[in-house]
Amino acid sequence: MDFRKIINVAVIAHVDAGKSTLVDAFLQQSHVFSEHDELVDCVMDSNDLERERGITIYSKNCSVNYLDYKINIVDTPGHADFSSEVERIIKTVDTVILLVDSSEGPMPQTRFVLKKSLEANLRPILLINKIDKKDQRANEVIDEVYELFLDLNATDEQLDFPILYGIARQGIVRYNPGDANNDIGPLFETIVNHVEAYPNRLNESLKMQISALAYDDYIGRIGIGRVYEGIIKQNENITVCNENGKKESRKIANLYNYQGLNRTAVLEAQCGDIVLISGIENIEIGDTICANGVFEPMSQIQIEEPTMSMNFMVNTSPFQGRSGKYVTSRNIRDRLHKELEVNVGLKVENTDTTDTFRVSGRGELHLSILLENMRREGYEVAVSRPEVIMKTIDHELCEPIEEVICSVPNEYSGSVINKLNLRKGQMIDIQDEGSYTRIIYHAPTRGLLGYRSEFINDTKGEGVMVRKFIEYAPFKGEIPARQNGVLISCDNGKAMTYALWNIQERGQLFISPQTEVYEGMIVGMASKNMDIEVNPIKNKKMTAVRSTGNDEAMKLVPPKTLSLEEALEFINDDELVEITPSDIRLRKRYLTNLDRRRHMREVNKQESQD
């Protein structure tokens, strides 16, 4: 086949820096869309959850043509919880476009993705985005990026990076902020001038490494990766091998590459291109595809270990099966194992009981996205409070530590500092930024569980907090748990306005009138540091009704509706989140008062024996 110049580019940045918006501009200005195509924002964020939340969860590929080059573009997630997606694709690209907000500057995830890029000996292109902001400080941000490169031990060649300025939302990239062009032409020119196309290795033996997985109901498991040497062909017999010595002879059933946004079937693909192959059932991340009879495995792709886990259980509440189609342990097990096909940052383990599975991931968001997808697919599941994964390093118990960067109005900084200190955090830096204060802490993940909702309340919704795992460090000691108890329903039925009007004096309600409740269900947060049993279904006796004029109107405070992440952060060890397609409920692990007392006696007895 004729050799074609190919350059693979990854767009990397912290969350909300404009990665997906920049990819939109790439596609629109490369005439990928026809006149009849409907143009939507963040077209690469095709998943429903990605569109609703405005974030990228899964890395995705597309391609555009520029002059005689084919440029494969990879849009990567910005959240640290999905960093395993970033780690894998870095090996498949020739350069990265590092997006940095002209106002915020480098953020925690910026450091992580840049570190991985520099370790892979890539030479990044810096794009200062959102230069139309009123508070933009592009020159200071560039200095901060240089400092970040130096901190990460960048080589002299990597430090000599081109700098561009852009407004991705308007599809504009310029060499200088004052230039007059209104397209992203300078970015295309910089890519082809700054990066050499992949070398011509058509005559060498086939070598490809799998860097991502996908699944199709019709063709099964799909391996995605870059062809490093030779040519790969449909229906070709190949050898699948890894550095552990495993090798198997297989046949490629289907071969695809990316043309624009579409996955297109091809008969063959050349070195340098990113392709998708099917027909190999047990293919794994890091596997090397070699020519038939050849054993030359490439080095494995290292994925960082999970830092947080929770138990997924069969839903045993009285409302089990009301809205879900899949409610048994077999259904949950099959769904989790299906997720393992494509989600390499996840780990699933069996427990002592057949109806409970221990699922580990990179953070609360990572696990909650899985749960949200499951409930939309019709699954019912109960989950326990997230727990951090401890490690023993050099005979010492260690726990995950995160870097926390808070930007809060000056008047609320004292409260934030006090709360982070109580949670065993260590202040690293504090800076005055006009009416805002920027605070940087290193704090144990344990202490940050449940803090986000407190942070929002403490800063009246005006604060911004970002977190990123940095290392394992020695155990920091005991950390105070949630200070408030909960309001627990002691009966089954529909909640009544009369009952809730009396209950709301005792705390913050989570339910509204006519909500169905059951014994052991949590209906609110108590104002005291103790659990309180309440009867939300009690109604006003008819004999107590006098005249309408004498009855005072019962006005309820609007209930607090918890999102899935907020519910996971809120619960304690003796509580569960019940997740169904229609509702998210909180409940006690043991529903009746008698069972809860019996359990506490057993716990106290066990502690006294120990």
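Positions are given from 1, in the same order as the sequence printed here.
Evaluation of the side-chain contact (heavy atoms from CB on, under 4.5 Å) rule for Pro400 yields Thr307, Val388, Thr445, Phe469, Tyr472 as partners, not counting sequence neighbours. Shown here are the side-chain hydrogen bond (donor to acceptor under 3.5 Å, both in side chains) partners of Thr459, two or more places apart in sequence or in another chain: there are none. By the side-chain hydrogen bond (donor to acceptor under 3.5 Å, both in side chains) test, Asn311 pairs with no residue at all, sequence neighbours left out. Scored by the side-chain hydrogen bond (donor to acceptor under 3.5 Å, both in side chains) test, Glu566 finds Ser563 as partners (sequence neighbours excluded). Applying the side-chain hydrogen bond (donor to acceptor under 3.5 Å, both in side chains) test to Asn139 and every residue at least two apart in sequence or in another chain returns nothing.
Annotation: Phe312 is not in aromatic contact with Tyr379 [ring centroid separation under 6.0 Å not met].
Annotation: Glu478, atom CD; neighbour count of heavy atoms from other residues, nucleotides and ligands within 6.0 Å does not exceed 12. With a 6.0 Å radius and a threshold of 12 heavy atoms from other residues, nucleotides or ligands, Arg137 has its CZ atom above the threshold. The number of heavy-atom neighbours closer than 6.0 Å to CZ of Arg438, taken from other residues, nucleotides and ligands shown, is above 12.
Contact of the Lys588 side chain with the Asp531 side chain is registered, since non-hydrogen atoms from C-beta on lie closer than 4.5 Å. The shortest side-chain heavy-atom distance between Phe510 and Leu487 does not fall under the 4.5 Å cut-off.
Ion pair Asp101/Lys133 flagged as a salt bridge, since at least one NZ, NE, NH1 or NH2 atom sits closer than 4.0 Å to an Asp/Glu carboxylate oxygen. Under the 4.0 Å criterion applied to side-chain N and carboxylate O atoms, Arg467 and Glu364 are assigned as salt-bridge partners. In this structure, Arg169 pairs ionically with Asp132, as a charged nitrogen and a carboxylate oxygen lie closer than 4.0 Å.
Using modelled atom types, no side-chain atom of Asn418 and backbone atom of Gly414 make a donor-acceptor pair closer than 3.5 Å. In terms of modelled atom types and a separation under 3.5 Å, the side chain of Arg446 and the main chain of Gly477 share a donor-acceptor contact. The backbone N or O of Glu380 sits nowhere less than 3.5 Å from a side-chain atom of Thr580 that would complete a donor-acceptor pair.
The two residues Pro559 and Ser512 make their nearest non-hydrogen contact at CG-CB, 4.1 Å. The shortest heavy-atom contact between Ile12 and Ser117 is CD1-OG, 3.4 Å. Contact between Ala567 and Ile584 at its shortest, heavy atoms only, is CB-CG2, 4.2 Å.
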Could you pull out all donor-acceptor pairs under 3.5 Å where a side-chain atom in residues 405-413 meets a protein atom, sequence neighbours excluded?
unit_1 : atom_1 : unit_2 : atom_2 : d
Asn410 : OD1    : Thr437 : N      : 3.3
Asn410 : OD1    : Thr437 : OG1    : 2.6
Asn410 : ND2    : Gly434 : O      : 3.0
Asn410 : ND2    : Ser435 : O      : 3.3
Ser413 : OG     : Asn410 : O      : 2.9

Next item on the list: Starting from the C-alpha separation in whole Å, work towards a yes-or-no answer on side-chain contact (heavy atoms from CB on, under 4.5 Å) for Leu370 and Asn343.
Entry: CA-CA 10 Å; Leu370 169 60; Asn343 195 338; 5.5 Å; no

Checklist line | Derivation of the side-chain contact (heavy atoms from CB on, under 4.5 Å) call for Met310 and Leu568 | finding: CA-CA 10 Å; Met310 62 173 68; Leu568 293 173; 4.0 Å; yes

